[in-house]
Structures are given as structure tokens and as C-alpha cells.
Amino acid sequence: MGYRKLNEFLSTEEKKEFLHQAKIGKWINHKSTVTGEPCSLYFLPVKYKSFERVSLMKMEPNAVQDWHVDGSRKCVVIYPLTDNYAKGYTRNHDLIESYEGVVLLDVTKDHAVFNNEHTRINLQISFDEPIEKITALLDLGK
């Protein structure tokens, strides 16, 4: 399994504030760390507690972020902020699993998102350490 399910930890006010920032912020179109080409992901750096690498991530309706591994981090907390949020997927050889809700995702393993007809926005907290170490440090898991 390429992810760990986490408990929700944002307050209603924090979610509203992040969605407000999403409306007024200047989004940056992400470029692939492999090809250097723009992809379907947009990021907006934000602050959350004392974490160093925090951003909002947006995908437009029907956008696809095909199977890949990340080149600049090892795992990431993904916290959905919008309604009608499309599931994400992980792949280990021929085994494909979907995930939804708040998760810690191992981005050194294949993962993808095939968005639905709604804009998909989440909070992301990125880490350079392996998922096992971050799971223990955060102590947020179920």
C-alpha cells in the first residue's frame, strides 16, 4: 500500500481560510521534474504551523495526472479541501488501489489522479523522509 490513512486535523475555519487563499492566490503551473514540461497540477505556497513545505494543489475539471513518481519529495500529506473530490490511485506492480480522504502518500511509488468534472483542491505538506518515519513523527494515523 502506497499510503496511510490519516485523521482529519484542520478546523472548519482553517479549511475556509485555505479555500479563500485558493480564490485570491497566484497559482504556479507545476513542471515535471523529469521532462520540465508543464503538467495538470497547479501549486500555491501557503503557511501551516511550523511545516516547511506547504502548498495548496489544484487540478482543473477532467485533468489527468498520469502514473508517475515524484522527483522532489518522498511523501506528502494530502488533505482534500473541495467537495466532489476525485479519488487518487497507487500502483504496485499490477495491484492498483484507490485512496480518498486525508492521507500520507508515498510519492516514491507510482500514483495518479484522473480528476472528475469538479475542480480538485487540497492542502499538501511535503517531506523528504520516508513514509514510515513521517508516520511515526506525525502520530496522526488511524
Side-chain angles (χ1 to χ4, degrees), residues 1-92 95-142:
M1 186 163 59
Y3 68 93
R4 306 283 193 282
K5 185 87 174 136
L6 301 177
N7 294 312
E8 290 193 19
F9 55 87
L10 292 178
S11 69
T12 301
E13 293 76 27
E14 287 171 321
K15 290 179 196 176
K16 285 181 183 176
E17 176 55 29
F18 283 130
L19 286 171
H20 175 69
Q21 290 180 47
K23 286 181 183 176
I24 65 170
K26 185 172 172 70
W27 291 91
I28 301 163
N29 189 192
H30 180 66
K31 292 184 178 157
S32 166
T33 55
V34 175
T35 67
E37 295 295 317
C39 68
S40 62
L41 307 179
Y42 292 83
F43 287 93
L44 176 65
V46 295
K47 301 279 186 201
Y48 181 68
K49 299 195 177 186
S50 60
F51 293 104
E52 292 181 17
R53 295 175 63 191
V54 184
S55 60
L56 299 180
M57 189 279 298
K58 175 174 72 169
M59 289 180 77
E60 297 294 341
N62 303 307
V64 171
Q65 184 60 33
D66 216 344
W67 295 105
H68 69 287
V69 297
D70 289 13
S72 62
R73 56 190 180 176
K74 292 187 178 173
C75 65
V76 58
V77 170
I78 297 178
Y79 198 114
L81 296 172
T82 49
D83 294 329
N84 303 305
Y85 190 85
K87 293 179 181 180
Y89 295 89
T90 62
R91 180 171 67 185
N92 187 4
L95 177 63
I96 295 175
E97 293 184 291
S98 66
Y99 64 86
E100 57 188 334
V102 184
V103 298
L104 179 63
L105 183 65
D106 183 346
V107 294
T108 67
K109 295 182 169 50
D110 268 349
H111 58 286
V113 174
F114 308 96
N115 200 19
N116 57 28
E117 66 274 15
H118 302 278
T119 299
R120 183 182 197 267
I121 297 175
N122 63 43
L123 174 70
Q124 295 195 358
I125 306 171
S126 300
F127 300 96
D128 295 327
E129 293 83 14
I131 191 170
E132 296 80 11
K133 181 175 181 182
I134 299 305
T135 299
L137 287 175
L138 291 178
D139 194 29
L140 294 172
K142 286 185 175 177

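Residue numbers start at 1 and run along the sequence shown. Side chains are part of it too, since the values below use all heavy atoms of this structure and drop only hydrogens, waters and symmetry mates.
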Participant: Measure the spacing between CG of Asn115 and CG of Asn84 and express it to the nearest 0.5 Å.
Facilitator: 10.0 Å

Participant: Report yes if the side chains of Ile96 and Thr90 come closer than 4.5 Å at any heavy-atom pair, otherwise no.
Facilitator: no

Participant: Counting C-beta onward and ignoring hydrogens, is there a side-chain heavy-atom pair between Ile134 and Leu104 closer than 4.5 Å?
Facilitator: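 Yes, close enough: below the 4.5 Å cut-off.
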
Participant: In terms of relative ring orientation, are His30 and Phe43 parallel, tilted or perpendicular, with 30° and 60° separating the classes?
Facilitator: perpendicular

Participant: Show every salt bridge (charged side-chain N to carboxylate O under 4.0 Å, His left out) that has at least one partner inside residues 105-124, sequence neighbours left out.
Facilitator: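 Those involving residues 105-124 are Arg91-Asp110, Asp106-Lys109.
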
Participant: List the steps and the verdict of side chain to side chain contact (heavy atoms under 4.5 Å, CB included) for Leu123 and Val54.
Facilitator: CA-CA 7 Å; Leu123 174 70; Val54 184; 3.6 Å; yes

Participant: So do the side chains of Tyr85 and Ile121 get within less than 4.5 Å of each other, counting heavy atoms only?
Facilitator: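 The answer is no; the side chains never approach within 4.5 Å.
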
Participant: Taking the side chain as everything from C-beta on, heavy atoms only, tell me whether His118 gets closer than 4.5 Å to Thr82.
Facilitator: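 Not in contact.
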
Participant: I need the Lys23 NZ to Phe18 CZ distance, nearest 0.5 Å.
Facilitator: 15.5 Å

Participant: If I take atom CE from residue Met57 and atom CD from residue Gln65, how far apart are they, to the nearest 0.5 angstrom?
Facilitator: 8.5 Å

Participant: State yes or no: are the ring centers of Phe9 and Tyr79 separated by less than 6.0 Å?
Facilitator: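 That pair passes the under 6.0 Å test.
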
Participant: Over 60° means perpendicular and under 30° means parallel, so classify the ring planes of Tyr89 and Phe114, tilted if in between.
Facilitator: tilted

Participant: Below 4.5 Å, heavy atoms only, C-beta onward: do Val64 and Ser40 meet side chain to side chain?
Facilitator: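 No, every pair of side-chain atoms sits at 4.5 Å or beyond.
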
Participant: If we only count heavy atoms from C-beta on, is the Glu60 to Lys58 side-chain gap below 4.5 Å?
Facilitator: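 Contact flag for Glu60/Lys58 side chains = yes.
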
Participant: With the side chain counted from C-beta on, respond yes when Asn62 and Asn116 share a heavy-atom pair under 4.5 Å apart, and no when they do not.
Facilitator: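 Heavy-atom side-chain distance check fails, nothing below 4.5 Å.
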
Participant: Report the relative orientation of the aromatic rings in Phe51 and Phe127; use parallel for angles under 30°, tilted for 30 to 60°, perpendicular for over 60°.
Facilitator: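 Geometry flag for Phe127 against Phe51: perpendicular rings.
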
Participant: What is the distance from atom CD1 of Ile131 to atom OG1 of Thr108, rounded to the nearest 0.5 Å?
Facilitator: 8.0 Å

Participant: Taking the side chain as every heavy atom from C-beta outward, state whether Leu19 and Leu81 have any pair of such atoms under 4.5 Å apart.
Facilitator: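 Yes, their side chains come closer than 4.5 Å.
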
Participant: Under the side chain to side chain contact (heavy atoms under 4.5 Å, CB included) criterion, do Val77 and Val103 qualify, and how do the steps go?
Facilitator: CA-CA 6 Å; Val77 170; Val103 298; over 6 Å; no

Participant: Among residues two or more places apart or on two chains, list those pairs meeting side chain to side chain donor-acceptor pair (under 3.5 Å) that have a residue in residues 66-77.
Facilitator: His68-Asp70, His68-His111, Asp70-Arg73, Asp70-His111, Arg73-Gln124, Arg73-Ser126

Participant: Whether the side chain of Lys87 engages the backbone of Val113 through a donor-acceptor N/O pair (distance < 3.5 Å, no angle test) should be reported.
Facilitator: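 A pair under 3.5 Å: no.
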
Participant: So, taking the atom named CD in Glu14 and the one named CD in Glu17, what distance separates them when rounded to the nearest 0.5 Å?
Facilitator: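 Answer for the CD-CD pair, Glu14 versus Glu17, is 9.5 Å.
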
Participant: Between Asn29 (side chain only) and Cys39 (backbone N and O only), is there a donor and an acceptor less than 3.5 Å apart?
Facilitator: yes

Participant: If the threshold is 4.0 Å, N to carboxylate O, is there a salt bridge linking Lys15 and Glu8?
Facilitator: yes

Participant: Rounded to the nearest 0.5 Å, what separates atom CD in Glu52 from atom CD1 in Ile125?
Facilitator: 12.0 Å

